[in-house]
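Comments concern the structure below.
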Amino acid sequence: MIPVAAHIELNMIALHHNVRRVREYAPESKVMAVIKANAYGHGLIKIAQHLSLAVDALAVARLDEGIRLREAGVQGRILILQGFTEVDEIEALLHYQLDVVVHSEQQVQLLESIVLSGVVSVFLKIDTGMNRLGIRPEQFSVLLSRLQQCSCVHQAIVFMTHFANADDVYDAKTAQQLLVFNEVTGAYIGEKSVANSAAIIAWPETRFDWIRPGLMLYGVSPMLMDYTEPLDLLPVMSLYSRIIAIKQVKKGETVGYGASWIADKDTCLGVVSIGYGDGYPRQARQGTPVLINNKRMPLIGRVSMDMLTVDLSHGSKIQLGDQVVLWGDGLPVEEIAACAGTIPYTLLCGITRRVQVVVKEPLGEV
Ligand SMILES: *Cc1c(COP(=O)(O)O)cnc(C)c1O
């Protein structure tokens, strides 16, 4: 078999472990697994097939993602987080049996204006301070009763909101948002859903009827770097490639575009077949670690489209063709994100199409 160079391995055993961890945090809650953006870069359908039996519902951002799931035969509840703007979309929601977030008065108006041959399940989203999607707290009681009178809306309406700062345990905003949510919904009977991964981990009082984990399912911490409690999550995605050249440069010579790295002594360097064309961040700073034979080696020079260079001076017995871990198993993507001045979400989502996918299934490899 021809060895693959840049590839990701998806560890589905880790995925199931992480689902168990989510349930340990919130044993009373139903789990809605967030798989928007191609399941955070892991592959929408593959992840959905693994999760659909393990969780209570799935959530995606957009209608077309939900339709793709249905067309692939994925069953169970699926929530469309961004809602709809047109009547055609409401009809599609009914046709594909998708649940939907209602986050504006205009959407309530649209639902009032139509007659359907069935009912759509609605999550009514309140903006408690994020100021992105959601109705204002003072609109809640009126819009709820209007929704309850719509013939095309299922009577069991779930109340939801979304946190802006739950990753920061020292920030007062989460408690403020929760207070607003509880005040607004307190007098009404209905299921509630507010917690994303960070809230599930750090804000126990947010674990209501439905929790909405995203990042933590993929084995990555959503918390800021100063959060040191062990999470016991396992990374699902590992990014790998191989060394395709090893060479010596002399003191004073430069490496890569922009000649940004200058050897301060004679140096042995390795060229790795991966770059920003695969989704490895071009912003990764000098010294960002890669893992070769279980040892960390520092990135040097600029990341180019298909390659990057590593200082091998402190490695031993490194050979052409050796595997390189860019993130994942043994090298947290959280750390690489910090070295690139970004967050792990963008790195996972940014894996490009040319990167091959190897899936490690619970029963042997496929
Ligand atoms: C993306 C998203 C989530 C999941 O967020 P994580 O930080 O990945 O856990 C939950 N709820 C909503 C509304 C989202 O958009």
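Below, each value reflects all heavy atoms present in this structure, side chains not excepted, and no hydrogens, waters or symmetry copies. Being a predicted model, the structure only gives us computed values, none of them experimental.
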- Message: As a quick check of understanding, evaluate side-chain contact (heavy atoms from CB on, under 4.5 Å) for Asn293 and Ile318, giving each step before the final call.
- Response: CA-CA 8 Å; Asn293 304 337; Ile318 295 174; 4.0 Å; yes
- Pair Met160-Val101, side-chain contact (heavy atoms from CB on, under 4.5 Å): steps then yes or no: CA-CA 9 Å; Met160 76 178 274; Val101 171; 3.6 Å; yes
- Task: Take Glu89 and Thr85, measure what side chain to side chain donor-acceptor pair (under 3.5 Å) needs, and give me the verdict at the end.
- Result: CA-CA 7 Å; Glu89 293 173 282; Thr85 50; 3.1 Å; yes
- For the pair Asn18 and Leu234, evaluate side-chain contact (heavy atoms from CB on, under 4.5 Å) and give the outcome as yes or no after the intermediate values. CA-CA 7 Å; Asn18 298 334; Leu234 299 173; 4.1 Å; yes
- Item | From CA spacing to verdict: side chain to side chain donor-acceptor pair (under 3.5 Å), Ser313, Thr267 | CA-CA 6 Å; Ser313 301; Thr267 303; 4.6 Å; no
- Go through the steps to decide whether Tyr188 and Leu144 satisfy the test side-chain contact (heavy atoms from CB on, under 4.5 Å), and finish with yes or no. CA-CA 10 Å; Tyr188 300 88; Leu144 177 62; 3.6 Å; yes
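Residues Phe123 and Phe159 place their aromatic rings such that the two centres sit no closer than 6.0 Å.
In this pair, Tyr280 and Trp327 present their aromatic rings parallel. The plane angle is below 30°, not in the 30 to 60° band.
Annotation: the span from Ile45 atom CD1 to His50 atom NE2 amounts to 12.5 Å, rounded to 0.5 Å. Taking CD of Glu91 as the start and CG of Leu116 as the end, the distance is 6.0 Å to the nearest 0.5 Å. In this structure, the separation between CG on Leu58 and CD1 on Ile35 is 4.5 Å, given to the nearest 0.5 Å. Rounding to the nearest 0.5 angstrom, the gap separating the CD atom in Gln82 from the CZ atom in Arg62 is 5.0 Å. Between the CD1 atom in Ile126 and the CG atom in Leu133 there is a gap of 13.5 Å [rounded to 0.5 Å]. Rounding to the nearest 0.5 Å places CZ of Arg282 at 12.5 Å from CG of Leu308.
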Taking distance alone, no hydrogens or angles, what donor-acceptor pairs closer than 3.5 Å link side-chain atoms of residues 22-33 to residues at least two apart or in another chain?
from	atom 1	to	atom 2	distance (Å)
Arg23	NH1	Asp56	OD2	3.3
Arg23	NH2	Ala54	O	2.9
Arg23	NH2	Asp56	OD2	3.2
Glu24	OE1	Arg21	NH1	2.4
Tyr25	OH	Arg21	NH2	3.4
Ser29	OG	Phe208	O	2.7
Lys30	NZ	Glu191	OE1	3.4
Lys30	NZ	Glu191	OE2	2.6

List, one per line, each side-chain donor-acceptor pair under 3.5 Å for residues 332-348, sequence neighbours excluded.
from	atom 1	to	atom 2	distance (Å)
Glu334	OE2	Ser221	N	2.8
Glu335	OE1	Arg296	NH2	3.0
Glu335	OE2	Arg296	NH1	2.6
Glu335	OE2	Arg296	NH2	3.4
Thr342	OG1	Thr346	OG1	2.7
Thr346	OG1	Ile343	O	3.0

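The nearest pair of heavy atoms linking Ala6 to Ile274 is CB-CD1, 4.0 Å. Closest heavy-atom contact between Val74 and Ser52: CG1-CB, 4.2 Å. Pairing each heavy atom of Lys36 with each of Ala61, the nearest pair is CB-N, 3.6 Å. Of all the heavy atoms in Ile78 and Val60, the pair that sits closest is CG2-CG2, 4.2 Å. The two residues Trp261 and Gly301 make their nearest non-hydrogen contact at CB-N, 3.6 Å. Minimum heavy-atom separation, Leu44 to Glu65: CD2-O, 3.9 Å.
Around NZ of Lys265, the count of heavy atoms belonging to other residues, nucleotides or ligands within 6.0 Å exceeds 12. Within a 6.0 Å radius of CZ in Arg354, more than 12 heavy atoms belonging to other residues, nucleotides or ligands are found. Counted within 6.0 Å of CG on Asp329, heavy atoms from surrounding residues, nucleotides or ligands total 12 or fewer; the atom is thus considered open. For Asn294, the CG atom sits in a loose shell: 12 or fewer heavy atoms of surrounding residues, nucleotides or ligands are nearer than 6.0 Å. Counting heavy atoms of neighbouring residues, nucleotides and ligands inside a 6.0 Å radius, atom CD of Gln286 exceeds 12 of them.
Within the 4.5 Å cutoff, the side chain of Leu51 has heavy atoms near those of the Val19 side chain. Using a 4.5 Å heavy-atom cutoff, the side chains of Ser117 and Leu94 are in contact. For the pair Ile8/Ile351, a side-chain contact is recorded, criterion being any heavy-atom separation below 4.5 Å from C-beta on. Using a 4.5 Å cut-off on side-chain heavy atoms (C-beta onward), Leu111 and Leu147 make contact. At a threshold of 4.5 Å between non-hydrogen side-chain atoms, the residues Trp203 and Phe163 do not count as touching. Side-chain contact between Arg70 and His95: absent, with no pair of heavy atoms (C-beta onward) separated by less than 4.5 Å. Under the 4.5 Å side-chain criterion, counting only non-hydrogen atoms from C-beta, His103 is not in contact with Asp127. Taking 4.5 Å as the limit, some side-chain heavy atom of Met223 sits within range of a side-chain heavy atom of Ile201.
Of the possible donor and acceptor atoms, one in the side chain of Asp209 sits under 3.5 Å from a partner among the backbone N and O of Lys192. A donor-acceptor pair is defined here as one N or O able to donate and one able to accept, closer than 3.5 Å; no such pair exists between the side chain of Asp168 and the backbone of Asn165. Put simply, the side chain of Asp278 gets close to the backbone of Gly275: a donor and an acceptor are under 3.5 Å apart. With His17 contributing its side chain and Leu15 its backbone, the two residues share no donor-acceptor pair below 3.5 Å. A distance-only check finds no donor-acceptor pair linking the side chain of Asp311 to the backbone of Met297 [under 3.5 Å]. A distance-only check finds no donor-acceptor pair linking the side chain of Asn38 to the backbone of Tyr40 [under 3.5 Å]. A donor-acceptor pair under 3.5 Å is formed between the side chain of Lys173 and the backbone N or O of Gly129. The backbone N or O of Glu9 sits nowhere less than 3.5 Å from a side-chain atom of Ser238 that would complete a donor-acceptor pair. For the pair Thr309 (side chain) and Ile300 (backbone), a donor-acceptor distance under 3.5 Å is present. Under the 3.5 Å distance criterion, the side-chain polar atoms of Gln177 are left unmatched by any main-chain donor or acceptor of Thr174.
Of the charged side-chain nitrogens involved, at least one lies within less than 4.0 Å of a carboxylate oxygen, so that Asp99 and Arg77 count as a salt-bridged pair.
Both Leu217 and Val359 belong to a common hydrophobic cluster when Ile, Leu, Val, Met, Phe, Trp and Tyr are linked at side-chain heavy-atom distances under 4.5 angstrom. Val255 and Met305 fall into different hydrophobic clusters, defined by Ile, Leu, Val, Met, Phe, Trp and Tyr side-chain heavy atoms under 4.5 Å apart, directly or through other members.
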